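Because the structure is a prediction, the values reported are computed rather than measured. A, B, ... follow the sequence lines: proteins, then strands. Residue 1 opens every chain.
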Protein chains: 2
Amino acid sequence: MSQPEVGPKRLDSRDPGFAAAFRALLEGLREEGTQVGAAVSSIISDVRTRGDDAVIDYTARFDRQTLTAETLRIPDAEIKAARKLATPETVAALELAAARIRAFHERQMPEDFSYTDAAGVGLGARWTSLGAAGLYVPGGKANYPSSVLMNAIPAKVAGVPRLVMVVPTPDGIVNPLVLVAAEISGVDEVYRIGGAQAVAALAYGTATITPVDKITGPGNAYVAEAKRQVFGVVGIDMIAGPSEILVVSDRDSDPSWIAADLLSQAEHDEAAQSILITDDADFATAVIAAVERHLSVLPREAIARASWTTHGAVILVPDLMDAVPLIDAIAPEHLELAVADPDALAARVRNAGAIFMGRHTPEAIGDYVAGPNHVLPTSRSARFSSGLSVYDFLKRTTMVRCDAQSIREIGPAAVTLAEAEGLGAHALSVALRLQQ
Amino acid sequence: MSQPEVGPKRLDSRDPGFAAAFRALLEGLREEGTQVGAAVSSIISDVRTRGDDAVIDYTARFDRQTLTAETLRIPDAEIKAARKLATPETVAALELAAARIRAFHERQMPEDFSYTDAAGVGLGARWTSLGAAGLYVPGGKANYPSSVLMNAIPAKVAGVPRLVMVVPTPDGIVNPLVLVAAEISGVDEVYRIGGAQAVAALAYGTATITPVDKITGPGNAYVAEAKRQVFGVVGIDMIAGPSEILVVSDRDSDPSWIAADLLSQAEHDEAAQSILITDDADFATAVIAAVERHLSVLPREAIARASWTTHGAVILVPDLMDAVPLIDAIAPEHLELAVADPDALAARVRNAGAIFMGRHTPEAIGDYVAGPNHVLPTSRSARFSSGLSVYDFLKRTTMVRCDAQSIREIGPAAVTLAEAEGLGAHALSVALRLQQ
């Protein structure tokens with residue numbers, strides 16, 4: 001098996017150097033340093049001080065758009081009119097996707113519970129939606145209507161009464177499909193602003209924009225840094241890293257299918273990572289060849305090729321079950337199991353954002369129409385976090401109810417512990433109720 | 001009604017200046033700036049480079065403890081022996097608390113789901129526990145065994161197989177109750193280290209300490225900053241701010257009880273905040289007088305008095321239902337409803353970490369033995385986040401399964417959307433499966 005001159009890394013789990021090579025694949029590979037902290041902090045403080053005026057100034061400077069407080073918001077009529085700029089086929093596809101995403105997220109809704117225990121104490125937990133959520137949608141090339149659906153629909157299923165979208169429209173250009181997706185998802189307000197100034201406006205509010213409780217959605221380095229800086233004032237979602245796919249395939253998959261799946265991540269971003277694990281060296285070679293064939297016809301060939309060449313990898317294992325510890329260490333955003341018995345493998349995997357089961361489930365089906373969310377944990381964070389869901393737009397309040405009787409059951413232990421911790425008022429507040 | 005010379009702010013919602021005074025109460029009051037970023041970043045990078053040696057050096061410097069790689073860990077025998085240093089009554093109280101916390105958190109466990117929809121697509125979501133969690137326990141005065149229970153038990157209920165605790169032992173002094181609580185909760189490993197060096201060791205690992213996937217637990221400014229800096233490499237819980245309580249009471253509560261409840265937060269920290277909302281000015285005056293009486297007998301009088309005087313507030317409203325918008329704006333960590341009909345009020349509240357229902361449910365009962373978690377969202381973050389729970393130690397993997405048939409149902413819409421977004425490989429990966 002010859003190493004192609006330019007192409008993905010090929011690793012074999014039986015090689016003596018495998019552990020080190022695998023670690024190198026995981027570690028530090030794609031750490032990105034950005035030095036935008038000071039610039040972002042000055043924009044945020046300006047928006048806090050000058051409100052709409054600051055937002056309007058930054059929009060003029062960065063998006064070459066002259067706005068007023070009256071034109072910051074995109075009127076509902078303009079949003080409705082966007083449908084006429086899209087093909088009926090695309091609108092229908094967005095509607096199908098929205099219905100499927102809605103149906104899946106409705107299944108996710110958690111239930112309140114309450115009970116009275118043996119001591120007579122009433123206990124429970126109640127879910128309520130956030131009061132208002134902000135959705136950041138990037139302008140330019142990463143301006144994806146599918147991302148609007150994936151962020152907005154869970155918020156609306158969770159019951160968020162006010163969902164605000166911001167989308168920069170550089171030089172006045174807006175993607176009509178983004179507006180159609182916003183309307184289909186039930187977004188309540190849309191503003192034609194972006195960057196750190198939009199994040200600051202959502203977090204702190206201006207005369208025109210009422211602040212929200214949480215901001216989700218992808219963005220460039222300035223947006224990500226702004227979200228980091230306003231965290232605490234509002235909630236934020238995960239800061240997403242480059243996209244990743246890990247495909248596990250046996251020799252019976254069509255190499256052309258698997259190659260397309262690997263490229264569907266590679267074409268997102270030069271920093272994206274596509275990895276194939278297989279137990280068949282000839283199959284690996286066939287997939288690599290198919291990647292080359294597909295690359296030449298892709299509109300985003302340059303990006304996909306750079307990603308595949310720099311970050312792509314093909315790992316050979318003696319048995320597909322040997323993939324399990326590698327999968328858990330990689331903790332992939334997307335895991336595709338293109339094997340005869342995907343259930344046997346899936347049952348043993350601990351860390352993955354989403355699993356695509358069997359040969360007929362390309363990851364791209366999950367990006368658009370399957371129903372589960374396509375916003376998933378990147379950069380190994382599937383070890384400790386989950387994809388976007390209704391939970392991101394809900395919060396839990398716990399409830400406790402004692403009466404004169406039940407506090408006598410459990411109160412003395414609380415007094416003992418409060419005294420052991422030296423917290424006299426804690427002890428007193430319980431002890432007073434025990435004296436009756 | 002005379003304003004006491006030194007005491008809490010008194011506000012009346014009917015006063016013309018109320019809106020501004022209430023806003024001042026909410027905003028910026030307790031923002032703490034800490035300039036420890038650079039120091040923490042240098043400690044973390046040192047631990048990444050030198051591992052155990054760096055941890056041992058910082059422990060010698062900050063905790064005046066001479067350790068070796070062999071003595072970093074507290075042996076199980078020493079943990080078991082701690083029981084003999086505690087009174088049987090305290091151990092029994094910890095065991096009662098642990099059993100109640102366990103029972104409540106078991107009720108929280110979410111369920112997996114899977115179904116096949118009308119298009120024939122298999123969909124589902126599966127919860128798995130984190131592989132390893134780290135629990136930070138502060139040394140010194142905020143060294144609370146109840147916090148060990150509240151952090152460790154949800155992790156174990158969630159099924160985390162490896163739970164690691166770190167606790168600094170300055171000058172070799174360790175609180176035996178913290179070790180007893182660790183043993184009762186099922187903590188698997190305990191290390192006598194703290195500060196940013198302990199957080200770095202948990203996140204990146206050393207020769208002695210295997211890295212974890214997430215770090216929870218309170219700590220000082222260095223610990224909080226270290227958690228911020230390692231976030232992404234591992235998960236972290238919320239960075240907790242000072243404690244808060246909001247008590248809503250009618251005139252029929254015992255002013256002495258309510259005063260003790262307000263002080264049970266005030267005694268935590270000079271930056272803590274206690275607020276009373278009532279519809280009766282005389283009752284408010286009686287509570288303020290009772291606070292003065294209690295203060296004089298509290299072991300932590302100075303802290304409680306500073307908190308109450310600086311951040312305490314009493315708000316008069318014409319009707320208790322008028323408290324609802326104020327509660328939602330404050331979004332209190334703890335909300336106590338010491339009123340005749342707590343259900344009517346609770347039903348209308350949106351933002352609160354935990355609600356304590358009725359006159360016989362002091363907040364302190366929830367700190368120790370009620371069962372729900374006492375780690376709750378502070379600083380108005382109950383608008384968008386929830387208390388610590390089993391969810392913090394679980395993650396969700398979504399599953400999608402198409403076959404040759406069902407991908408024909410939903411695949412064409414995916415191809416349409418991928419093409420609309422200019423993502424050729426996405427479209428190709430689906431289209432290839434439609435050609436069969």
Side-chain angles (χ1 to χ4, degrees), chain A residues 89-90 93 96 107 113 123 128 130 144 146 213-214 235 257 260-261 263-264 267 298-299 350 352 354-358 360-362 364-366 368-372 383-386 395-404 407 410 413-414 416-417 420-421 424-426 428-430 432-433, chain B residues 89-90 93 96 107 113 123 128 130 144 146 213-214 235 257 260-261 263-264 267 298-299 350 352 354-358 360-362 364-366 368-372 383-386 395-404 407 410 413-414 416-417 420-421 424-426 428-430 432-433:
Chain A
E89 192 196 5
T90 315
L96 175 85
R107 295 254 181 171
F113 67 84
L123 294 164
T128 46
L130 273 55
Y144 296 139
S146 59
D213 298 310
K214 180 165 183 167
W257 294 11
D261 301 348
L263 287 170
S264 71
E267 74 176 342
L298 284 186
R350 175 169 223 131
I355 305 182
F356 300 86
M357 306 284 285
H360 288 85
T361 317
I365 208 83
Y368 296 110
V369 294
R383 290 176 298 125
F384 54 82
S385 62
S386 312
K395 61 225 164 42
R396 235 175 328 100
T397 300
T398 52
M399 325 278 284
V400 181
R401 185 196 310 254
C402 291
D403 56 20
I407 194 167
I410 64 171
T416 300
L417 292 173
E421 292 186 352
H426 284 66
L428 179 66
S429 73
V430 178
L432 287 171
R433 270 107 169 163
Chain B
E89 193 196 6
T90 315
L96 175 86
R107 296 253 181 172
F113 66 85
L123 294 165
T128 45
L130 273 55
Y144 295 139
S146 60
D213 297 311
K214 180 165 183 168
W257 294 11
D261 301 348
L263 287 170
S264 72
E267 74 176 343
L298 284 186
R350 176 169 223 131
I355 305 182
F356 300 86
M357 306 284 285
H360 288 85
T361 317
I365 208 83
Y368 295 110
V369 294
R383 291 177 297 125
F384 55 81
S385 62
S386 312
K395 60 227 163 43
R396 235 176 328 100
T397 300
T398 51
M399 325 277 284
V400 181
R401 183 194 311 255
C402 291
D403 57 18
I407 195 167
I410 64 172
T416 300
L417 292 173
E421 293 187 350
H426 284 66
L428 179 65
S429 73
V430 178
L432 286 171
R433 270 108 169 162

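Heavy atoms closer than 4.5 Å to chain A are found in the side chain of B:F113, but not in its backbone. The part of A:L298 that comes within reach of chain B is its side chain, from C-beta onward, which places non-hydrogen atoms under 4.5 angstrom from that chain. In this structure, chain B has a heavy atom under 4.5 Å from the backbone of A:D403, while its side chain stays farther away. Contact annotation for B:S429: both backbone and side-chain heavy atoms come within less than 4.5 Å of a heavy atom of chain A. For A:S386, the parts lying under 4.5 angstrom from a heavy atom of chain B are both the backbone and the side chain. Residue contact with chain B, scored on non-hydrogen atoms closer than 4.5 Å, involves the backbone of A:S385 exclusively. Proximity to chain B is limited to the side chain of A:L96, based on heavy atoms less than 4.5 angstrom apart.
For the set A:G371, A:S264, A:G235, the count of heavy-atom pairs under 4.5 angstrom toward chain B peaks at A:S264. Chosen from A:R396, A:H426, A:R383, the residue pairing most often with chain B at heavy-atom distances under 4.5 Å is A:H426. The greatest number of non-hydrogen atom pairs below 4.5 Å with chain A, out of B:I410, B:L428, B:L263, is found for B:I410. Chosen from B:G366, B:P362, B:S146, B:A93, the residue pairing most often with chain A at heavy-atom distances under 4.5 Å is B:P362. No other option in A:M357, A:M399, A:E267 has as many heavy-atom pairs under 4.5 Å with chain B as A:E267. Chain B forms the most heavy-atom pairs under 4.5 Å with one residue out of A:I407, A:V430, A:V369, and that residue is A:V369. When each of B:G358, B:A420, B:G424, B:P299 is scored by its heavy-atom pairs under 4.5 Å with chain A, the top score falls to B:G424.
Of the charged side-chain nitrogens involved, none lies within less than 4.0 Å of a carboxylate oxygen, so that B:R350 and A:D213 do not count as a salt-bridged pair.
A:T398 has its side chain out of reach of B:I355: every pair of non-hydrogen atoms, C-beta onward, lies at least 4.5 Å apart.
Heavy atoms only, all atoms of each residue included: B:T361 and B:F356 are closest at O-CB, 3.3 Å.
B:F384 contributes atom CZ, which lies 11.0 Å from atom NZ of A:K395 (distance to the nearest 0.5 angstrom). How far CD of B:E89 is from CG of A:L417: 9.0 Å, rounded to the nearest 0.5 Å. For the atom pair B:Y368 OH and A:T416 OG1, the distance stands at 10.5 Å (nearest 0.5 Å).
Checked by atom type and distance alone, the side chain of A:T397 pairs as donor or acceptor with a backbone atom of B:A352 at under 3.5 Å. Panel note: side chain B:H360, backbone A:C402; no donor-acceptor pair is recorded below 3.5 Å.
Under the salt bridge (charged side-chain N to carboxylate O under 4.0 Å, His left out) criterion, B:K214 pairs with B:D392, not counting sequence neighbours.
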